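Predicted model only: the values in this text are computed from it and were never measured. Every number for a ligand or one of its atoms is a count from 1 in the order of the listing. Along the sequence shown, residues are numbered consecutively beginning with 1.
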Amino acid sequence: MTRPRKLLFATGNEHKVEEVRAILGPDWVVEARPTDAEETAETFEGNALIKARALCAETGEASVADDSGIEVDGLGKEPGVRSARWTGEADWVPKVLRSLAAVPDAPRTCRYVAAVALVRPDGTEVVVRGTVEGVVAPAPRGDAGFGYDPIMIPDDGDGRTFGEMSEDEKHAISHRARAFRAILPHLA
Ligand code: IMP
């Protein structure tokens with residue numbers, strides 16, 4: 001039997017850690033470390049790199065970070081990279097619905113985006129992106145998952161929101177699962 005491999009993951013978000021553990025399965029031990037690196041980039045890739053570089057510099061070990069969010073087309077792709085901080089957590093979902101209601105004929109199409117960066121002590125860097133297209137539901141449904149899941153209906157699903165899906169159903173199609181699966185070959 002081979003020993004599980006360690007993935008040093010720059011995050012303080014327990015939801016993300018749980019999801020990444022479930023996505024990667026028993027072959028990996030996910031060690032989460034919060035960083036105080038400021039997310040100052042305007043792209044998901046840029047912010048993922050900032051966090052992975054900070055953890056790699058701190059630990060001297062290969063480090064992974066993700067940056068993710070929801071882009072709503074009717075809101076000019078907002079909140080995008082600001083999904084965690086454009087308003088208080090309890091207002092994330094209400095603000096999307098309120099803002100869309102204020103724009104006549106606003107398209108409700110949206111996507112989840114996750115960029116995952118790997119930074120090694122020798123300076124090599126890899127960044128990948130996973131996305132899942134969808135539409136914003138008229139009202140929240142389901143309490144599974146986290147964040148915007150109760151209003152995100154993925155195109156690759158059966159009409160339910162991510163908030164109405166099991167973990168396995170979400171991980172079969174999610175932006176984060178797609179991005180982490182894409183980074184795996186680079187960790188070998
Ligand atoms: P960050 O990557 O730490 O900057 O935060 C990303 C933010 O985007 C989260 O705090 C959520 O608000 C949102 N988000 C990212 N991924 C998901 C997801 O899988 N479900 C729901 N919301 C998400």
Side-chain angles (χ1 to χ4, degrees), residues 9-24 30 32-55 63-72 75 77-99 108 110-119 127-137 139-157 160-183:
F9 183 28
T11 189
N13 182 330
E14 250 326 295
H15 295 290
K16 285 188 183 179
V17 179
E18 276 173 32
E19 287 202 357
V20 172
R21 285 194 176 122
I23 290 163
L24 298 183
V30 179
R33 302 272 193 96
T35 67
D36 351 308
E38 264 197 76
E39 297 176 22
T40 50
E42 282 300 315
T43 61
F44 294 104
E45 283 80 0
N47 282 330
L49 273 170
I50 287 173
K51 292 184 265 187
R53 282 177 190 144
L55 188 58
S63 300
V64 167
D66 91 339
D67 196 60
S68 53
I70 186 169
E71 294 178 344
V72 180
L75 303 180
K77 298 201 175 177
E78 283 288 300
V81 291
R82 279 169 282 278
S83 295
R85 55 185 190 276
W86 74 323
T87 187
E89 185 166 350
D91 192 37
W92 285 346
V93 163
K95 186 167 179 180
V96 170
L97 297 176
R98 200 165 67 231
S99 308
R108 300 184 78 86
C110 64
R111 69 205 51 77
Y112 274 165
V113 179
V116 175
L118 163 67
V119 174
V127 197
V128 296
R129 171 179 278 226
T131 58
V132 56
E133 298 287 328
V135 291
V136 175
R141 297 197 315 252
D143 50 17
F146 71 105
Y148 299 87
D149 285 346
I151 51 164
M152 167 44 149
I153 305 171
D155 291 349
D156 293 340
R160 283 176 296 158
T161 66
F162 274 124
E164 295 174 298
M165 291 185 192
S166 69
E167 276 182 30
D168 284 351
E169 287 172 326
K170 179 174 179 183
H171 301 327
I173 56 172
S174 83
H175 54 318
R176 186 162 296 104
R178 286 172 174 165
F180 271 89
R181 285 184 197 120
I183 204 85

Is any NZ, NE, NH1 or NH2 atom of the basic residue among Arg82 and Glu42 found under 4.0 Å from an Asp or Glu carboxylate oxygen of the other? yes

Please name the pair of heavy atoms, one in Thr43 and one in Val81, separated by the smallest distance, quoted to 0.1 Å. C-CG1, 3.5 Å

Applying side-chain contact (heavy atoms from CB on, under 4.5 Å), name anything that partners Arg111, two or more places apart in sequence or on another chain. Glu71, Asp73, Lys77, Val113, Glu133

side-chain contact (heavy atoms from CB on, under 4.5 Å) partners of Glu169, counting only residues at least two apart: Arg160, Met165, Ser166

Could you tell me how the ring of Trp92 sits relative to the ring of Tyr148: parallel (under 30°), tilted (30 to 60°) or perpendicular (over 60°)? parallel

Counterpart residues, side-chain contact (heavy atoms from CB on, under 4.5 Å), relative to Val135 (two or more places apart): Thr109, Ile153

Less than 4.0 Å from some atom of ligand 1, heavy atoms are found in residues Lys16, Glu39, Lys51, Asp67, Ser68, Gly69, Ser83, Ala84, Trp92, Tyr112, Phe146, Gly147, Tyr148, Asp149, Lys170, His175, Arg176

